[in-house]
Asker: 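Here it is: the structure, laid out below.
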Amino acid sequence: MKRLNSQLQEDGCPLELILLIRTLLAGCKEISFRVGQGELAGVLGSTLSENVQGETQKKLDVISNQILKDILSESGYVKALSSEEEDTVVPCHPEGKYLVSIDPLDGSSNIDINSLIGTIFSIQHAPQWMDADDPEAFLQPGAQTVAAGYVLYGPSTVMMLTTGRGTHLYTLDKTHGGFLLTKGNIQIPEQTQEFAINASNQRHWEKPMQDYIGDLLKGEDGPRGKNFNMRWIAAMVGDIHRVLTRGGIFTYPYDNREPNKPGKLRLLYEANPMSFLIEQAGGMAWTPEKRIMEIMPTEIHQRVPVIMGSKQEVEVCLEYHTKAKKD
Ligand code: AFP
């Protein structure tokens, strides 16, 4: 099986980017080890602190953030880091060529129930003009991302990665500690009969999403003329892994519980990296209005509504939104 290094070289990655990805993965391997140890490593349960988003931090959120922050800051490849668990950007090395954005531990509510969790990351060029503590430098559209991926700490530890030459799946071989290519050039089926949404929020959604999901639920008796299955893992990293593996549509729409928030998911830490992976695998990733990768961020912790996955199904969902605007 091909090693990560060989695939990255084949994909034309510059040496420094390869070294940065490997450094990041060294941190993820440590997280994977601690996740595997569970209670034995004292990683379960909550802390008494909240992150900048006002969410109570789990111990593993804090530990994972610290592991990645330490390893990336010391690497010399990174100029600054932004993290879902940090209030502001973390300056790293003045000569670093890259910016890294991370959701150190996605799916925090799954930690204590021994269910799917993961680390999501994306890498961009550090602009020459920036000071290392300048959040402005991170306000680049997702289309400028040079690499993005996630590590999923499941029954096996796997990584989905793109550097803009396809989306590739690697599996951590714990016998020698390396990531091996287990499926290259992932292709998401264009059609699907599976959707993922937190249906408990249904009464808060806007009408187009109510109508779209309503029609999926009507199954073969409804306008779609086929039955749909629903899955919800409560960790985007798990849901997107399923979508990349066998197709599907994943959405976390705007809802009116907190009218000032455009959605739950974060543009830099979740939506952009997943959009890059999905698009490189032939899928689509949009808000109701535009391609996620084209959004110009206005702040590092920005949130967005998300509709992504199998191309034809995303198009159908978007049609409901377009039609609602016209009516
Ligand atoms: P946490 O990491 O804070 O648990 O949030 C996970 C997440 O951002 C995303 O990964 C999930 O898809 C979504 O939230 C789950 O949201 P619900 O709590 O509404 O199920």
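All residue numbers refer to positions in the sequence shown, counting from 1. Scope of the values below: all heavy atoms of this structure, side chains included, with no hydrogens, waters or symmetry mates. Indexing begins at 1, ligand by ligand and atom by atom, following the structure's order.
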Asker: Atoms of ligand 1 less than 4.0 Å from Ser109 heavy atoms?
Answerer: 4 (O)
Asker: Do the side-chain N and O atoms of Glu86 and Asn65 include a donor-acceptor pair separated by under 3.5 angstrom?
Answerer: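 The criterion, which ignores hydrogens and geometry beyond distance, is satisfied for Asn65 and Glu86.
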Asker: With heavy atoms only and a cut-off of under 4.0 Å, state how Ser108 meets ligand 1: side chain, backbone, both or neither.
Answerer: both
Asker: Can you run down the salt bridge (charged side-chain N to carboxylate O under 4.0 Å, His left out) pairs that involve residues 254-263, sequence neighbours left out, and say none if there aren't any?
Answerer: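 Listed by first then second residue: Asp255-Arg257, Glu258-Lys261.
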Asker: What's the shortest distance from atom 11 (C) of ligand 1 to any protein heavy atom, and which residue and atom give it?
Answerer: Met236 N, 3.5 Å
Asker: Nearest protein heavy atom to atom 6 (C) of ligand 1, by residue and atom, and its distance?
Answerer: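 Residue, atom and distance for the closest contact: Asp106 OD1, 3.7 Å.
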Asker: For atom 17 (P) of ligand 1, which protein heavy atom lies nearest, and how many Å away is it?
Answerer: Asn198 ND2, 3.5 Å
Asker: Closest non-hydrogen protein atom to atom 20 (O) of ligand 1, residue and atom name please, with distance?
Answerer: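 It is Trp232 NE1, 3.0 Å.
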Asker: Enumerate the residue pairs fulfilling salt bridge (charged side-chain N to carboxylate O under 4.0 Å, His left out) with a member in residues 107-132, sequence neighbours excluded, ordered by first and then second residue.
Answerer: Lys58-Asp112
Asker: Quick one: look up the protein heavy atom nearest atom 19 (O) of ligand 1 and list residue, atom name and how far away it is.
Answerer: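 Nearest protein contact, heavy atoms only, for atom 19 (O) of ligand 1 is Tyr252 OH, 2.6 Å.
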Asker: One thing to verify: whether Arg242 and Asp239 come together as a salt bridge, which I'm taking to mean a side-chain N less than 4.0 angstrom from a carboxylate O.
Answerer: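 Yes, charged N to carboxylate O under 4.0 Å.
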Asker: Please name the pair of heavy atoms, one in Val158 and one in Phe179, separated by the smallest distance, quoted to 0.1 Å.
Answerer: C-CE2, 4.4 Å
Asker: Identify, by atom number and element, the atoms of ligand 1 in contact range of Glu270, meaning under 4.0 Å from any of its heavy atoms.
Answerer: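 Every atom of ligand 1 under 4.0 Å from some heavy atom of Glu270: 7 (C), 8 (O), 9 (C), 10 (O).
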Asker: Is the closest heavy atom of Glu84 to ligand 1 under 4.0 Å?
Answerer: no
Asker: Got a salt bridge between Lys79 and Glu95, using NZ or NE/NH1/NH2 to carboxylate O under 4.0 Å?
Answerer: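 Salt bridge absent between Lys79 and Glu95.
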Asker: Are Lys97 and Glu16 within salt-bridge range, i.e. N to O under 4.0 Å?
Answerer: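 Glu16 and Lys97: salt-bridged.
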Asker: Which residue owns the protein heavy atom closest to atom 14 (O) of ligand 1, what's the atom, and how far is it?
Answerer: Lys264 NZ, 3.0 Å
Asker: Identify the closest protein heavy atom to atom 2 (O) of ligand 1: which residue and atom is it, and at what distance?
Answerer: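 Ranking protein heavy atoms by distance from atom 2 (O) of ligand 1, first comes Gly107 N, 2.8 Å.
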Asker: Output yes when Glu10 and Lys2 qualify as a salt bridge under the 4.0 Å nitrogen-oxygen rule, no when they do not.
Answerer: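 Judged by the 4.0 Å cut-off on N to carboxylate O distance, Glu10 and Lys2 do form a salt bridge.
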Asker: Got a salt bridge between Arg224 and Glu313, using NZ or NE/NH1/NH2 to carboxylate O under 4.0 Å?
Answerer: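 Salt bridge present between Arg224 and Glu313.
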Asker: Need the ligand 1 atom indices (1-based, order shown) with element for anything under 4.0 Å from a heavy-atom of Arg266.
Answerer: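 Those atoms are 8 (O).
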Asker: What part of Asp103, side chain from CB on, backbone N/CA/C/O, both or neither, has a heavy atom under 4.0 Å from ligand 1?
Answerer: neither
